[in-house]
There are 2 protein chains.
Amino acid sequence: MTVLLDSPVKCSSCPIRHRAVCARCDEDELSILEGMKSYRTFEAGQLILWRGEPLTYVASVVHGVASLSKTLEDGRTQMVGLLLPSDFIGRPGRDEIEFDVTATTDVTLCCFDRAPFERLVDETPHVAQRLMELALDELDAARDWMLLLGRKTAREKIATFIEMLARRSHSENVLTTKVVLPMTRDQIANYLGLTLETVSRQFNALKKDGIISLTDRRHVDVLDYAALHEATGDDADGGVLS
Amino acid sequence: MTVLLDSPVKCSSCPIRHRAVCARCDEDELSILEGMKSYRTFEAGQLILWRGEPLTYVASVVHGVASLSKTLEDGRTQMVGLLLPSDFIGRPGRDEIEFDVTATTDVTLCCFDRAPFERLVDETPHVAQRLMELALDELDAARDWMLLLGRKTAREKIATFIEMLARRSHSENVLTTKVVLPMTRDQIANYLGLTLETVSRQFNALKKDGIISLTDRRHVDVLDYAALHEATGDDADGGVLS
DNA sequence: CGGGCTTTTGACGCCGCTCAAAGATAGTGG
DNA sequence: CCACTATCTTTGAGCGGCGTCAAAAGCCCG
């Protein structure tokens with residue numbers, strides 16, 4: 001069930017303070033947001049918002065992973081975005097979204113009612129600018145994904161996926177070799193435009209090649225970053241340290 | 001070669017006046033833009049901007065079609081966007097782009113130097129808001145395309161492509177049955193994540209089924225809109241009249 | 001220990017890719 | 001105006017990667 005927590009974390013000690021929609025806000029702006037916000041939590045698997053439904057609030061992801069997905073008439077589905085902590089849900093000036101938003105893991109959201117938030121956007125350029133940056137970041141990510149979906153092989157897709165998670169989950173430039181998979185094989189398949197069987201086979205193929213090891217179903221250990229990047233099909237310069 | 005025309009069309013009689021980045025501008029704002037703009041034309045096939053190059057200007061497409069594309073190490077390429085008249089090239093706050101921009105047909109751009117344009121964006125909310133809308137529109141389009149690339153069959157891809165062109169090219173709610181293909185089979189293949197042979201075969205399959213007819217290589221005549229939509233795999237409600 | 005879920009593994013078939021060649025079409029120069 | 005050429009498109013034959021179907025194995029939680 002959706003849970004409304006009465007005491008959200010203070011903005012000043014919020015883990016996503018410097019990356020979320022509030023990143024550029026000064027103290028005054030922050031205290032306005034502080035007054036508007038509330039936390040909501042969702043269990044893994046819950047629908048957070050769905051296509052066509054009027055959007056009553058917008059939110060930042062604080063903890064956990066959510067996903068955006070679209071579905072064809074006959075039920076085939078494709079994830080069109082992954083929302084990690086600091087990512088934003090909802091869009092200024094629209095009152096519907098065109099996809100479903102689902103909690104992939106347990107999720108905590110920092111929510112703002114739409115009307116007051118939009119007023120704030122109109123008045124504070126810091127928020128509007130940051131929103132624009134976030135939208136453009138998403139657009140870049142979407143385009144990388146289009147290349148992946150349209151042209152990469154199953155093996156390249158899996159390698160790219162692991163590399164992306166490694167890049168986004170390492171803390172402060174320290175490159176960790178342990179990667180946590182925030183989703184099941186089935187969800188990974190929907191993200192990569194594959195079937196779950198193919199996902200499983202390719203994970204094991206990378207393992208057999210000594211590029212990764214699979215400690216348990218949710219944990220990948222990257223043994224050879226160079227080989228992993230090689231397997232993504234991307235240019236050499238797009239490597240891990242960039 | 002790039003041609004700089006010394007006398008661009010006046011904004012007030014510009015064909016994209018009400019849809020481009022300037023859509024919400026009032027007379028005063030428009031005259032500022034008028035003073036900043038210049039036209040550039042490119043022949044079909046020319047590179048307009050390329051990945052990693054510093055971005056010296058931003059622009060609106062006035063006539064023609066341009067495309068955004070990304071390339072893998074071994075040369076496989078995927079179009080990640082189609083720019084039709086009124087679409088915008090370039091992004092505030094970034095000095096590089098992550099893809100190549102190519103003229104698909106002969107193209108006329110309405111260009112603004114980046115520095116003065118960005119100053120204008122900071123000062124006039126009308127432009128900033130419109131830019132945000134355009135970015136979100138592109139994001140929606142990118143996500144539809146992700147569904148197509150990841151989950152649709154070749155036939156569904158072709159049907160979706162034709163339907164999209166029909167929808168974007170008809171003027172003022174009048175549904176034309178004649179659709180002009182602004183690109184070659186090879187370029188269509190790169191847009192849809194297919195090969196040119198498959199594109200050709202699927203066009204002819206739709207023709208054999210009586211859904212379209214092919215007058216010449218650049219012109220499609222839609223004979224049966226309902227059947228075309230059926231062939232896209234999308235939900236019933238996303239039909240032509242929406 | 002039992003039941004449901006996720007993952008793995010195998011066998012097989014099909015859609016779309018590859019390779020190849022012939023057929024249109026448009027642009028060029030004689 | 002027409003032959004010539006380059007480019008684009010169509011068509012065919014064959015193959016392979018990934019999807020489909022099925023069943024077994026592993027894991028988690030009561």
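Model, not experiment: these values are computed from the prediction. Protein chains get the first letters and strands the later ones, always in sequence-line order, with residue 1 at the start of each.
Comparing Leu194(B) and Leu214(A) along DNA chain C, the residue whose closest nucleotide (by nearest heavy atom) sits nearer the 5' end is Leu214(A). The residue among Lys152(A) and Glu197(A) whose nearest nucleotide of DNA chain D is located toward the 5' end is Lys152(A). Of the two residues contacting DNA chain C, namely Val199(A) and Arg151(A), the nearest-nucleotide position lying further toward the 5' end is that of Val199(A).
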Practice problem: Evaluate the criterion salt bridge (Lys or Arg N to Asp or Glu O under 4.0 Å) for residue pair Arg19(A) and Asp137(A); output intermediate values, then yes/no. | Solution: CA-CA 12 Å; Arg19(A) 291 180 294 146; Asp137(A) 287 345; over 6 Å; no
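Nucleic acid contact for Gly45(B): none, since no nucleic acid atom lies under 4.0 Å from a heavy atom of the residue. Backbone-only contact: Asn204(A) has heavy atoms under 4.0 Å from sugar-phosphate atoms and none from a base. Within 4.0 Å (heavy atoms only), Arg217(B) reaches at least one base atom of the nucleic acid. Among the protein residues, Thr195(A) comes within range of the nucleic acid bases, having at least one heavy atom under 4.0 Å from a base atom.
Rounding to whole angstrom units, NZ of residue Lys157(B) and P of dC15(C) are separated by 14 Å. Here dT8(C) presents its C1' atom at 13 Å from NZ of Lys208(A), a figure rounded to the nearest Å. With rounding to whole Å, Met183(A) atom CE is found 16 Å from dT7(C) atom C1'. Across the protein-nucleic acid pair, Lys207(A) atom NZ and dT7(C) atom P stand 14 Å apart, rounded to whole Å. Regarding Asp186(A), its CG atom lies at a distance of 14 Å from the C1' atom of dT8(C), rounded to whole Å. Here the P atom of nucleotide dA20(C) and the CG atom of Leu196(B) are 15 Å apart, to the nearest Å. Taking atom CG of residue Leu192(B) and atom C1' of nucleotide dC17(C), one finds them 15 Å apart after rounding to whole Å.
The shortest non-hydrogen separation linking Ala189(A) to Leu196(A) is CB-N, 3.5 Å.
Of all the residues in residues 76-83 of chain A, not one reaches under 4.0 Å from DNA chain C with any non-hydrogen atom.
Under the side-chain contact (heavy atoms from CB on, under 4.5 Å) test applied with Val62(A), the options Cys110(A), Cys111(A), Ser86(A) reduce to a single match, Cys110(A). Remark: of the listed residues Thr71(B), Asp74(B), Asn190(B), Asn190(B) is the sole one forming a side-chain hydrogen bond (donor to acceptor under 3.5 Å, both in side chains) with Arg151(A).
You can see that DNA chain D meets the heavy atoms of chain B within a 4.0 Å-exclusive cut from dC8(D) to dA13(D), reading 5' to 3'.
Looking at Asp234(A) and Leu72(B), their side chains come closer than 4.5 Å, going by heavy atoms from C-beta outward.
Proximity of Arg201(B) to the phosphate of dG16(C): no side-chain N or O atom is located under 4.0 Å from OP1 or OP2. For the pair Thr198(B) and dG16(C), the criterion of a side-chain N or O lying under 4.0 Å from OP1 or OP2 is not met.
Glu230(A) CD: 12 or fewer foreign heavy atoms inside a 6.0 Å radius.
Interatomic distance, NZ of Lys70(B) versus CE of Met79(B), reported as 14.5 Å (0.5 Å rounding). In this structure, CG in Leu49(A) is found 9.5 Å from CG in Leu68(A), a value given to the nearest 0.5 Å. Rounded to the nearest 0.5 angstrom, Ile211(A) CD1 and Ile162(A) CD1 are separated by 9.0 Å.
Judged by distance alone, with hydrogens and angles left aside, Arg155(B) brings no side-chain donor or acceptor close enough to the base of dG16(C) to form a pair under 3.5 Å.
The aromatic rings of Trp145(A) and Tyr191(A) lie parallel to each other, with less than 30° between the two planes, well short of the 60° mark.
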